[in-house]
Amino acid sequence: MTITSLPTRAELVSRASAIVPLLQKHAQWHEEHRRLHEETIEAMARAGIFKLRIPKRYGGYESDIQTVVDVLTEIGRGDGSSAWTGQLWLHGAWIVGLFPDAVQEEVFSTPDVRVSALLSPTATAVRTEDGVVVSGQWHFNSGALHSHWDLVNAISITDEGAPKPILALIPMSQLEIIDDWNTSGLRGTGSVTTVAKEVFVPNARVLSITALTQGQSQSALNANLPLYRSPVILTGATLSSVTGLGLAKAALEAFLQRLPGRHIAYTAYDNQAEVQLTHLQVAEAAIKIEEAAFHASHAASLLDTKAASGETWSVEERSRVRLDAALIALRAKEAIDILNTASGGSSVYSSVPIQRIARDVQVLNLNGLLHPNTNLELYGRVLVGLPPNTLYL
């Protein structure tokens, strides 16, 4: 089903905003049950979230990165786990668009298909004449409990004996699940461990990671679409980081909602809103949220501009987007930490959102692709003329 009339960015953001109350309603359920509520997934589907990064010929919207950033920020304002899981499904579906067209036909025949994706090469792939046999396991498999397909990373040994990382697309029904997602934050993402035991994957559903990072695609129909000109790693880093921006906005809203009538315990201050320290805290948090939004916009603009023009990426530009993603997460955490500190002892109750938001953003900042120290070092290395110390650009 080809889409001929696409919703505007404003309309898509409005749809996401409309389901924020439902996401907030289910946020505690997500945390307690360590997965998303079915109503959350249904609401995201009705809002068109899962169509954002799918080609129009399959009913998708082919949305640019800025649109996706704005939509995911709204989802994160409702619930961090929903935003994190949603962005992974969006990125997974987008990566499917780099596979051969026949594979896309198979995957996108499922309405609002959900595709999880992993980067860690913690499995092996043994070559056969017509495919690979994959064995191993992958931790942090966000959204796996509700996914139709899984994009997994494995190491294949070539005829010359050299290790070669590959990406294999496997139906979730062929994988086993270990329910081990017992964590301090982003608990609703259901980021369980998945296991493959000698699962055969045909050649059509196998891509070279090296080819992907070099911008090579196996799709003829998507070859000229700007949507598929963005680097895989940079796109993923940008989309995953904006969960933090949504969380930070949620934290500020939650803090201001609780502020009227609150006093500061064991002091003479009967109204926290009138205290100078509160003004400084709120102002600093708000500015840090604006800084996070700047980095989100900067990364999205660079990705969208280069996708439209087809210009070659420099190493400095690539490392800068990685840094933007890290600074989104970092500035969001700094803002939330300020507001959490100012929220008082009563904020530790599970009914108060700030404690969950603080734990969610802490986990976000520990993600290897987004870790501030890692990305600051990477950008600094490039600026002083050294080669990057990672292939994930």
Side-chain angles (χ1 to χ4, degrees), residues 16-17 19-37 40 44 69-88 142 181-191 239-259 262 272 278 281-293 295-296 325-367 370-372:
S17 300
I19 67 172
V20 165
L22 182 140
L23 301 180
Q24 292 172 333
K25 170 188 171 184
H26 288 316
Q28 185 61 27
W29 190 98
H30 296 160
E31 175 151 286
E32 292 174 356
H33 292 80
R34 298 176 297 111
R35 67 187 68 196
L36 297 187
H37 197 289
T40 293
M44 292 171 71
V69 163
D70 292 348
V71 168
L72 288 173
T73 298
E74 284 300 290
I75 299 298
R77 195 167 63 82
D79 173 51
S81 289
S82 299
W84 178 264
T85 309
Q87 63 85 17
L88 272 173
S142 301
W181 189 241
N182 298 292
T183 56
S184 61
L186 291 177
R187 290 171 57 84
T189 62
S191 303
L239 298 188
S240 59
S241 66
V242 295
T243 293
L245 177 57
L247 284 168
K249 290 191 172 188
L252 182 57
E253 291 176 9
F255 179 83
L256 293 176
Q257 287 172 1
R258 295 184 71 236
L259 186 59
R262 283 183 49 79
Q272 186 181 9
T278 303
Q281 290 170 323
V282 170
E284 185 176 2
I287 290 301
K288 287 183 180 295
I289 294 170
E290 288 187 15
E291 291 175 1
H295 288 290
L327 291 177
I328 295 166
L330 178 60
R331 294 293 177 259
K333 181 180 183 300
E334 290 171 345
I336 292 168
D337 285 346
I338 292 168
L339 297 168
N340 191 30
T341 298
S343 291
S346 62
S347 67
V348 302
Y349 284 99
S350 59
S351 59
V352 181
I354 189 68
Q355 49 78 31
R356 182 184 63 254
I357 292 170
R359 289 183 284 106
D360 285 352
V361 82
Q362 167 69 8
V363 172
L364 180 76
N365 275 264
L366 294 175
N367 180 276
L370 303 180
H371 200 288

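Only this structure's heavy atoms are used, side chains among them; waters, hydrogens and symmetry mates stay out. Predicted, not measured: the structure shown is a model, and the values here were computed from it.
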Taking all atoms of both residues into account, what is the closest heavy-atom pair of Ala296 and Val69, and its distance?
-> CB-CG1, 4.0 Å
Partners of Arg359 by salt bridge (Lys or Arg N to Asp or Glu O under 4.0 Å), sequence neighbours excluded?
-> Glu31
Can you tell if the side chain of Glu32 reaches within under 4.5 Å of the side chain of Ser350, non-hydrogen atoms only?
-> no
Between the CG atom in Leu247 and the OG1 atom in Thr73, the distance rounded to the nearest 0.5 Å is 10.0 Å
Scanning both residues in full, the closest heavy-atom pair of Ser346 with Val352 reads O-CG2, 3.6 Å
How long is the gap from OG on Ser347 to CZ on Arg258, to the nearest 0.5 Å?
-> 6.0 Å
Sub-4.5 Å side-chain heavy-atom contact between His371 and Asn367 | no
Show the numbers, then the answer: is there a side-chain contact (heavy atoms from CB on, under 4.5 Å) between Leu370 and Ser240?
-> CA-CA 8 Å; Leu370 303 180; Ser240 59; 3.6 Å; yes
Report yes if some heavy atom in the side chain of Asp360 is under 4.5 Å from a heavy atom in the side chain of Leu364; otherwise report no.
-> no
Audit row: Glu291, Lys288, salt bridge (Lys or Arg N to Asp or Glu O under 4.0 Å) steps and yes/no = CA-CA 5 Å; Glu291 291 175 1; Lys288 287 183 180 295; 5.0 Å; no
Ile354 side chain near Phe255 side chain, heavy-atom distance below 4.5 Å | no
Is the closest side-chain heavy-atom distance between Arg34 and Asn182 below 4.5 Å?
-> yes
Sorted by chain and number, sequence neighbours left out, salt bridge (Lys or Arg N to Asp or Glu O under 4.0 Å) with Arg356 holds for none
Scanning both residues in full, the closest heavy-atom pair of Ser241 with Ala325 reads CB-O, 3.3 Å
Considering only heavy atoms from C-beta outward, does the side chain of Val363 approach that of Ser184 to under 4.5 Å?
-> yes
First locate atom CG of Leu327, then atom NZ of Lys333, and finally report the distance between them rounded to the nearest 0.5 Å.
-> 14.0 Å
What closest approach, in Å, do Ala335 and Ala285 show between heavy atoms, and which atom pair accounts for it?
-> CB-O, 3.5 Å
CG-CD distance between Leu245 and Glu290, expressed to the nearest 0.5 angstrom | 11.0 Å
Report the distance from atom CG of Leu259 to atom OG1 of Thr278, rounding to the nearest 0.5 Å.
-> 6.5 Å
Can you name the residues that form a salt bridge (Lys or Arg N to Asp or Glu O under 4.0 Å) with Arg35, not counting sequence neighbours?
-> none
Step-by-step side-chain contact (heavy atoms from CB on, under 4.5 Å) determination, Gln87 to Val242 | CA-CA 9 Å; Gln87 63 85 17; Val242 295; 5.9 Å; no
Is it true that a side-chain atom of Asn365 and a backbone atom of Ala329 form a donor plus acceptor pair closer than 3.5 Å?
-> yes
In terms of heavy-atom contacts, Ser82 and Thr40 come closest through OG-CG2, 3.5 Å
Ser17 side chain near Glu74 side chain, heavy-atom distance below 4.5 Å = yes
Heavy-atom closest pair, residues Ser81 and Gly188 | OG-N, 3.0 Å
Main-chain N/O of Gly244 paired to Trp84 side chain as donor or acceptor, under 3.5 Å | no
Interatomic distance, Ile357 atom CD1 to Asn340 atom CG [nearest 0.5 angstrom] | 9.0 Å
Using the six-membered ring wherever Trp is involved, compare the ring planes of His26 and His30 and label them parallel, tilted or perpendicular (cut-offs 30° and 60°).
-> tilted
Side-chain heavy-atom pair Thr243, Val361 within 4.5 angstrom cut-off | no
Is a salt bridge present between Arg331 and Glu334, judged by a nitrogen-to-oxygen distance below 4.0 Å?
-> yes
